[in-house]
Amino acid sequence: MLRMSKLFLRTLRDDPSDAEVPSHRLLVRAGYIRRAAPGGFTWLPLGWMTYRKVEDIIRDEMNKAGFQEVHFPALLPREPYEATGRWTEYGPNLFRLKDRRDNDFLLAPTHEEMFTLIVRDLFSSYRDLPLSIYQIQTKYRDEARPRAGLLRGREFVMKDSYSFDVDDEGLESSYNRHREAYISTFDRLQLPYVIVSAMSGAMGGSASEEFLAPIDVGEDTFVQCTSCGYAANTEAVNVAVSKPTDAVHPDALVVDTPDTPTIDTLVSHLNSAADTQQPDHQWASEDTLKNVLLNLVHPDGRIEPLAIGIPGNREVDLKRVEAQVAPAEPIPFTDADFAAHPTLIKGYIGPKAVGVDSPSGIRYLVDPRVVHGTAWVTGANSPGHHVINLVCGRDFTPDGTIEAAEVLEGDPCSNCGSAMTIARGIEIGHIFQLGRKYATALDLKVLDAEGQQITVTMGSYGIGVSRAVAAIAESHHDENGLCWPRAVAPADIHLVIAGKDDGPQRPAAETLAAELEAAGVAVLFDDREGVSPGVKFKDAELIGIPTIVIVGRGITDGLVEVKDRLTGERSDLPIGEVTAHLLALVQAP
RNA sequence: CGGGCUGUAGCGCAGCUUGGUUAGCGCGCUUGUCUGGGGGACAAGAGGUCGCGAGUUCGAAUCUCGCCAGCCCGACCA
């Protein structure tokens with residue numbers, strides 16, 4: 001039993017000024033967590049109990065699925081990460097430090113290397129596989145900008161699993177077992193989620209999905225099809241592509257378009273100038289082909305310029321580009337870059353100035369909607385001039401396609417063509433098939449049935465444990481405070497004495513509390529003296545235990561009040577029946 | 001890493017423009033009395049390196065410079 005008279009807790013009447021998102025605000029106000037470092041939080045008793053409930057559910061589901069728990073150090077030597085290249089590739093987000101003999105160490109941001117190495121050390125036969133092992137561990141990332149409390153810290157807890165299989169079918173099966181385990185886990189945590197297609201990114205590999213809790217404060221943007229259920233992180237969306245057309249277009253024609261360096265100015269010029277006006281059709285921004293230049297910075301420092309052609313009604317989405325070109329990093333051209341490429345006229349760049357066979361030699365990739373037979377208005381590579389009716393495949397041929405254009409609300413689904421919606425989400429889980437990248441780099445092989453060495457294929461699966469606590473808070477609160485799902489609440493029942501300190505309420509509540517505890521119900525007992533009922537009620541709502549029991553003025557008639565935190569529904573029950581009633585509530589599935 | 005805002009008691013804030021006794025208010029905390037179903041009242045208290053460091057000045061919370069930290073937007077982010 002937790003007695004509030006003794007509990008290490010102080011609730012705050014005002015919102016902390018540095019907290020913006022609800023989970024951060026309420027967890028601090030209700031006395032669950034406290035900021036201790038940039039991006040680091042102390043868990044106070046109520047918070048730690050909730051955290052442990054979440055962790056236990058995750059652990060339980062992992063164990064049920066047959067995965068085995070291990071535990072690595074967070075402090076690791078440089079060598080394994082050197083072997084996979086991540087010591088440098090991980091960049092500034094890696095916490096690096098030195099010991100007294102000047103050896104390099106790091107605080108692990110994730111543990112692929114260590115898991116791979118330990119399996120290599122212990123196992124050497126296909127008969128040992130498949131294997132899935134996991135840990136629940138504190139991770140460190142030197143985030144440029146920790147924010148939103150627990151949602152993005154520099155120190156956080158993650159459950160990370162790794163699967164090891166001899167072939168692709170095995171990997172597929174391990175992947176699906178994790179997917180199922182994640183579904184059960186998030187269902188138990190009562191976290192709403194959408195499973196979206198994701199990029200496997202620099203990690204390599206193929207299949208990759210994210211579990212996103214659809215909450216506006218989330219940092220990921222995803223699309224969802226209103227009809228077929230397709231969902232994807234915007235980084236991973238494939239645009240719906242029209243078929244190549246056989247339409248016959250007039251010859252390409254260069255027209256004077258003075259002072260039209262932007263799509264807007266170009267479109268309004270086309271619609272007003274005598275030589276370009278069309279009787280039956282207003283020019284629109286989607287008729288234009290916008291050519292944007294980027295520099296790709298490769299991990300080895302090499303810089304490669306890249307030209308991207310997209311419909312003029314859209315912007316380039318750098319996140320999407322990065323997902324395509326990883327591990328290279330895309331950076332927009334600066335004025336200095338344009339100066340270094342005098343054949344590229346900013347605002348008037350056309351397909352003829354770019355492409356590997358052009359004078360510039362710059363690789364030219366276009367949006368997949370720019371297909372054979374489509375006609376475009378685009379730059380004529382001369383200030384104040386554009387060309388109309390420039391036909392892809394006839395007048396120019398790009399070097400390839402790239403998913404670079406921003407995704408807009410209402411865009412057609414690439415699967416079924418229906419309109420897609422866009423929403424934000426918190427990434428609460430990520431599962432993906434790593435393949436053989438780490439096994440190859442660290443030489444993880446086993447003998448197959450024929451006695452041949454084969455490289456193991458791996459999967460990697462993460463759940464942010466501390467982030468899950470915040471995500472639950474984000475999806476389970478109201479203006480008065482938290483409303484925990486029963487499975488993760490720090491106690492089952494919040495029992496409040498509402499009466500004079502020497503009134504009959506106290507002995508009745510004490511008896512009830514003892515009875516509940518004896519029946520196995522975890523009670524947070526507000527037995528504080530000299531605290532008015534109003535204060536206790538406010539605290540109870542802030543703290544958010546799902547059922548609040550009030551021993552108050554009804555006690556003279558032998559009644560206590562049972563209140564549902566979420567619905568506000570209340571009922572008076574004879575004190576003799578309360579324990580059975582609450583027990584049923586708590587044990588309800 | 002760029003732009004904007006901010007840093008004064010556990011929490012929320014005023015004071016800074018125009019430098020000047022002992023830095024103030026509300027909440028919270030301590031003691032007492034009253035109160036006792038929605039953060040109650042009165043009284044008396046405790047609690048501060050004014051983010052840190054230099055500088056200007058007879059004198060700096062206040063002015064200048066540098067740094068650090070926080071929040072928001074963007075960049076970044078298996």
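Here the structure is a predicted model, which is why all the values come from computation and not from measurement. What you see below is based on every heavy atom in this structure, not just the backbone, and it leaves out hydrogens, waters and symmetry mates.
You'll find the ring centres of A:Tyr32 and A:Trp484 inside the 6.0 Å limit.
For the pair A:Ser460 and B:rA78, the criterion of a side-chain N or O lying under 4.0 Å from OP1 or OP2 is not met.
Residue contacts for A:Val28: at a heavy-atom cut-off of 4.0 Å it reaches no nucleic acid atom on any strand shown. Nucleic acid contact class of A:Ile497 (heavy atoms, under 4.0 Å, all strands): none. Here A:Asp15 lies in heavy-atom contact (under 4.0 Å) with sugar-phosphate atoms only. Using a 4.0 Å heavy-atom criterion, one finds that A:Arg35 contacts the sugar-phosphate atoms exclusively. At a threshold of 4.0 angstrom between heavy atoms, the contacts of A:Ser17 are confined to the sugar-phosphate backbone, with no base atom among them. Residue A:Glu541 is classed as a base contact, given a heavy-atom separation below 4.0 Å to a base.
Atom NZ in A:Lys139 sits about 19 Å away from atom P in B:rC77, given to the nearest Å. As a whole-Å value, the separation of A:Phe211 CZ from B:rA78 P is 20 Å. Counting to the nearest Å, the C1' atom of B:rC76 and the CD atom of A:Glu219 are 10 Å from each other.
B:rC11 sits 26 Å from B:rU17 when the P atoms are compared, rounded to a whole Å.
Partner assigned to B:rA14 is none, using Watson-Crick or G-U wobble distances below 3.5 angstrom. B:rC42 and B:rG32 make up a base pair, with Watson-Crick or G-U wobble contacts both under 3.5 Å. With a 3.5 Å ceiling on both atom-pair distances, the Watson-Crick or G-U wobble partner of B:rC1 is B:rG74.
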inquiry  = Generate the contact string for nucleotides 28-33 of chain B. Rules: B means base contact, S means sugar-phosphate contact only, - means no protein heavy atom under 4.0 Å.
reply    = SS----
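Looking at heavy atoms from C-beta onward, A:Asp564 lies out of side-chain contact with A:Arg570 at the 4.5 angstrom threshold.
Scanning residues 556-576 of chain A for heavy-atom distances under 4.0 Å to RNA chain B yields A:Glu561, A:Lys563, A:Arg570.
The aromatic rings of A:Phe41 and A:His24 lie perpendicular to each other, with more than 60° between the two planes, well past the 30° mark.
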